[in-house]
Participant: 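Take this structure, written in structure tokens, and hold onto it; I'll ask about it next.
Just so we're clear, the structure is a prediction, and the values are computed from it rather than from any experiment.
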Amino acid sequence: DADGTTDEGGEPNLPTGDASHLVRDPGNVNRFYAALPGQGVFRSDNGGANWVQVNTGLIGVGTASRMELAVHDGNGQNVVYAAVLGIKDALPGVRFIGLFRSTDQGTTWRLVQNQQQIPQSGQGSVHFSMVADPTAANALFIRGDVDPGYRVLMDDADPTLDMLTP
């Protein structure tokens with residue numbers, strides 16, 4: 001039996017614990033990403049047979065109670081997004097810790113700047129979701145428990161957040 005970290009052949013396995021999100025890369029039917037709060041993001045390039053941890057640049061993973069993922073793949077651009085939610089600064093309740101972006105299949109992550117406009121208090125206590133825009137590698141839609149949703153437009157120099165109106 002596998003022990004949660006390696007299988008019988010010594011290959012990496014997905015650790016034990018609850019996964020809060022599992023997504024498939026739309027550009028690679030064999031690539032999956034799993035988010036395990038408290039442990040981080042894991043990637044499989046062979047349909048889930050083996051997994052590697054891909055956390056470089058992610059913050060707040062250790063105290064995360066929830067993590068969400070989204071993947072964009074179009075025109076040769078593969079972009080993975082991760083949202084980290086959990087306990088922050090010893091304040092009560094679940095809070096939005098950070099939104100991260102990876103352009104190298106999750107190997108390294110970069111904190112999306114200018115995200116202070118997203119309400120942190122109570123965000124994700126019950127609901128939180130995000131989806132990558134299928135036509136624009138630099139666009140992501142997010143929605144949580146507080147206020148309207150957002151369309152996040154990013155470039156490495158100056159990401160912007162636009163509130164969505166119902």
Participant: Is there a side-chain contact between T107 and S102 in this structure, where contact means two heavy atoms from C-beta onward sitting under 4.5 Å apart?
Facilitator: no
Participant: Taking side-chain contact (heavy atoms from CB on, under 4.5 Å) as the test, write out the residues that go with T56, two or more places apart.
Facilitator: T108
Participant: State, with a plain yes or no, whether a side-chain heavy atom of Y33 is found less than 4.5 Å away from one of V71.
Facilitator: yes
Participant: Please round to the nearest 0.5 Å and tell me the distance separating atom CD of E68 and atom NE2 of H21.
Facilitator: 5.0 Å
Participant: Donor-acceptor pair, distance only, cut-off 3.5 Å: does the side chain of W109 make one with the backbone of V54?
Facilitator: yes
Participant: What are the two closest heavy atoms between L58 and A82, and how far apart are they?
Facilitator: CD2-CB, 4.3 Å
Participant: Which residues pass the side-chain contact (heavy atoms from CB on, under 4.5 Å) test with I59, sequence neighbours left out?
Facilitator: F100
Participant: To the closest 0.5 Å, what do you measure between CG (L22) and CG (L36)?
Facilitator: 9.5 Å
Participant: First locate atom CZ of R24, then atom CG of L69, and finally report the distance between them rounded to the nearest 0.5 Å.
Facilitator: 14.5 Å
Participant: To the nearest 0.5 Å, tell me how far D18 CG sits from Q39 CD.
Facilitator: 9.5 Å
Participant: Would you compute the distance between atom CH2 of W51 and atom CZ of R43 and round it to the nearest 0.5 angstrom?
Facilitator: 10.5 Å
Participant: Run the numbers on V61 and V41 for side-chain contact (heavy atoms from CB on, under 4.5 Å), then give the verdict.
Facilitator: CA-CA 9 Å; V61 169; V41 176; over 6 Å; no
Participant: Taking it one step at a time, do F141 and M130 satisfy side-chain contact (heavy atoms from CB on, under 4.5 Å)?
Facilitator: CA-CA 5 Å; F141 297 92; M130 63 183 195; over 6 Å; no
Participant: Of all the heavy-atom pairs spanning A35 and M67, show the shortest one and how long it is.
Facilitator: CB-CB, 3.6 Å
Participant: So does D133 get a backbone contact from the side chain of H72, meaning a donor-acceptor N/O pair under 3.5 Å?
Facilitator: yes
Participant: How close do P37 and A64 get, heavy atom to heavy atom, and via which atoms?
Facilitator: CB-O, 3.3 Å
Participant: Any sub-3.5 Å donor-acceptor pair from T103's side-chain atoms to V79's backbone N or O?
Facilitator: no
Participant: Do S44 and N46 pair up side chain to side chain, a donor and an acceptor below 3.5 Å, judged on atom types alone?
Facilitator: yes
Participant: Atom CZ of F42 and atom CG of N55: how far apart are they, to the nearest 0.5 Å?
Facilitator: 6.5 Å
Participant: Does any non-hydrogen side-chain atom of N28 lie less than 4.5 Å from one of N78?
Facilitator: no
Participant: Could you pull out the closest heavy-atom pair between V80 and G106, with the gap in Å?
Facilitator: CG2-N, 4.4 Å
